[in-house]
Engineer: 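The structure is given below, and queries will be raised subsequently.
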Amino acid sequence: MKKSEITKKYLKKIKLINKFNKFYFEKDKPIVSDGVYDDLKKEILLLERKYIFLNSKNSPSQVVGHKPSKNFKKVQHKVPMLSLSNAFTEEDLKNFEKKISNFLSKKNDFKIFYSAEPKIDGISASLTYKNGNLIRGLSRGDGKEGEDITDNLITIKDIPKKILSKDFPEEIDVRGEVFIQNSDFEYLKDKFANPRNAASGSLRQKNSGDTKKIPLKFIAYTFGFENGLKAENQSDYLKKLDQWGFKINPLNKLISGLENLIQNYNEIEKKRADLDFDIDGIVYKVNDFALQKRLGNVANAPRWAIAHKFSSNKAISQVKDIEIQIGRTGALTPVAKIKPINIGGVIVSNATLHNEDEIERKDIRIGDTVKVERAGDVIPHVISVDVSKRKNTSKKFIFPKKCPCGYDAIKEFNKVTKKFDAVRRCPDRGFECNRIAKEKIKHFVSKEAFNIDGFGKKIVEKFWELKLIKLPQDIFKLDFDRIQKLDGWGQLSADNLKYSINEKKQISLERFIYSLGIRHIGLENAKLLSKYLGSFQKFKNLSKNNKCDELLNIDGIGETQLVSIKNFFSKNINLKILNELERLLKIVNAKALNTNGLLRDKSFLVTGKLNNISRAEVKSLIEENSGTTVSSVSKKLNYLITGEKPTKRKIESARALKIKIINQDEFLKMLNKTS
Ligand code: IVH
């Protein structure tokens, strides 16, 4: 790669990380997980290490944290508040110790003692005391300049306002972490993603009265400027902090030797879910202040300390219970209820165990210590069990053989694989199983089905409990006078719901078929059936003898789908539902396929966000006009439609393949429309 290209790539990454910083530090609304952030930071630091010509004053290697926001008075820290380098692996840790030994010209057998301190994930603050009185409290800000948040800090009970001890220095900046306990976060969890955001948000309230309402805690761990401090090492300093009335971390330890550091790290990681405060790693500090002084700093982090971070997408927790959830298709899905734990900035309290076979294979039991992973947007799942932590009294989990509705749950035999399914199911008997029925209604109102505004899963649960709905048609016969009188409702919300329901009484055949939640009939298959059958009447006629078999003519519909459709029509309750819905709704026939439309023989792909038109609508517009849509840029593509924030790679590939790139207006013009 050319020098200019490398610089361009580097500056782009710097711009991105500063955008993440802005959202994290100024708005308290992170837009990416800690893992993504750490990876980006690592990439930048690696680039800088590899290409020495790269540098930027906005690089995370130069800037600590982020500039303070404008709401508070800015004050210079007498001694800058540094950041810590991170260690993610044992190898990183080994290198850290090796560098220290080399720097100090010590042999490998020189024993370095470290103060190992669990790294609380909160907001750091610097408290200035003069002659025993707290005179000012600053946030870290950009490390050099912080915000004066004294009024807010003095509302924190853990922060001593006056210290009378004889050996308390004449002047000192005591530094530590402001945080919120997990048990207190329970009451705030609807407002903030995690305890750190809650602490940061409340600490920077403009009105200190608002800060006081939130139970913030403070743990002290270091100092900035000092005059008269009599301590020779970190562990002595921590002891003094305790004597002066500060809270210190009860899990701090003095340790030497890499193996012992790692053992302590592993032990604390296992304890993490039991702690009442969030930690995201362990900080190791060379204990001896004289050695610290000799080691000094590199850029904005001390050479004598490092943060050994926990993985940002995995964590250890305990299984409190195993719950069986019943899905729309009757599948019994076991879910581990775990002790809530922060994984990459998200508090996780449920982890899927997939199915009965998975529990059996991993021998997961209630009470077990487990490792949980949260990767991307996938539901968190249990990856392994720490059998060494298991109590003698622990019992194997017995998977229920019955659905809570009382019916036997069975494992179906798969004719193709000649094996029994891993999933146990409550056989779908129409709407007889309460659990399945409720899930079917949730599906019926969901986004891709009836898409009724304001009728989400919670409302289905509530109306179900109140026996307001039992079957899909009940949605169109709701008693709004009663709803209006429910707790938390009123005339306006009842009227709004009534309006949204009425709006959706007209529905296309394909959405209608999809909304019925027939097993194996997802969106694509519903579309195929709708195109083939054309009308609701023809769909209903499938209930007649042998009518279903002809569906095998449809490309895409196979034996599995056929069996499922037959099963659906064999249930009287389903036929009754169809008749009722036919009476209440206007089910619009599928348009005969237009093969001679304006977009004939043309293929399209959309990238970026379009204005006032959804992807789904664009797709159906294209298809109605005989065009096709494709999912990636290839020679088969004729037009790339670009909206706001398009994927650059797609545009570049399209350019390389000389594919026409058009915007929304140009696309609509092809259909003789305007936006
Ligand atoms: S010492 C030079 N000790 O970690 C030393 N920091 O990335 C810098 N933190 O801003 C601070 N626990 O918010 C230190 N026991 C501990 C800590 C700790 C948490 C945070 C602190 C700091 C960040 C560094």
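As the structure lists them, so they are numbered: ligands from 1, and atoms in each ligand from 1. Model, not experiment: these values are computed from the prediction.
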Engineer: Which residue and atom name correspond to the protein heavy atom nearest atom 4 (O) of ligand 1, and how close is it?
Structural biologist: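 Going atom by atom, the protein heavy atom closest to atom 4 (O) of ligand 1 ends up being K119 CE, 3.1 Å.
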
Engineer: Would you mind listing which atoms of ligand 1 come within a distance below 4.0 Å of any non-hydrogen atom of K285?
Structural biologist: 1 (S), 3 (N), 14 (C), 15 (N), 16 (C)

Engineer: Does ligand 1 have a heavy atom under 4.0 Å from the side chain of R140, from its backbone, from both, or from neither?
Structural biologist: side chain

Engineer: On the ring face of F88, is K42 found with NZ or CZ under 6.0 Å from the centre and within 45° of the axis?
Structural biologist: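 That pair qualifies as a cation-pi contact.
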
Engineer: Considering non-hydrogen atoms only, spot the tightest contact between G122 and F179 and give its length.
Structural biologist: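 Reported closest heavy-atom pair: CA-CB, 4.3 Å.
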
Engineer: Under a 4.0 Å threshold between the charged nitrogen and the carboxylate oxygen, would E147 count as salt-bridged to K73?
Structural biologist: no

Engineer: How many angstroms lie between CG in D274 and CD in Q318, if you round to the nearest 0.5 Å?
Structural biologist: 4.5 Å

Engineer: Just going by heavy-atom distances, which of Y221, W304, Y284 is nearest to atom 16 (C) of ligand 1?
Structural biologist: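 It is Y221 that holds the nearest heavy atom.
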
Engineer: With a cut-off of under 6.0 Å to the ring centre and 45° to the axis, is K3 in cation-pi contact with F53?
Structural biologist: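 Positive - K3 is close enough to the ring of F53 and near enough to its axis.
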
Engineer: With heavy-atom distances below 4.0 Å as the criterion, list the atoms of ligand 1 near E117.
Structural biologist: 3 (N), 15 (N), 16 (C)

Engineer: Under 4.0 Å from a heavy atom of P302: give me the atoms of ligand 1 that qualify, with their elements.
Structural biologist: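 This gives 2 (C) as the contact atoms.
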
Engineer: Where does E177 meet ligand 1, judged by heavy-atom distances below 4.0 Å: at the side chain, the backbone, both, or neither?
Structural biologist: side chain

Engineer: Please determine whether a side-chain nitrogen of the Lys or Arg among K217 and D158 lies less than 4.0 Å from a carboxylate oxygen of the Asp or Glu.
Structural biologist: no

Engineer: Name the closest protein heavy atom to atom 8 (C) of ligand 1, giving the residue it belongs to and the distance to 0.1 Å.
Structural biologist: L82 O, 3.8 Å

Engineer: Between D39 and K41, does any side-chain N to carboxylate O distance fall below 4.0 Å?
Structural biologist: no

Engineer: What part of L84 sits under 4.0 Å from ligand 1 if we count only heavy atoms: the side chain, the backbone, both or neither?
Structural biologist: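 Contact part for L84 vs ligand 1: both backbone and side chain.
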
Engineer: Closer than 4.0 Å to some heavy atom of I120 - which atoms of ligand 1 meet that?
Structural biologist: 12 (N), 19 (C)

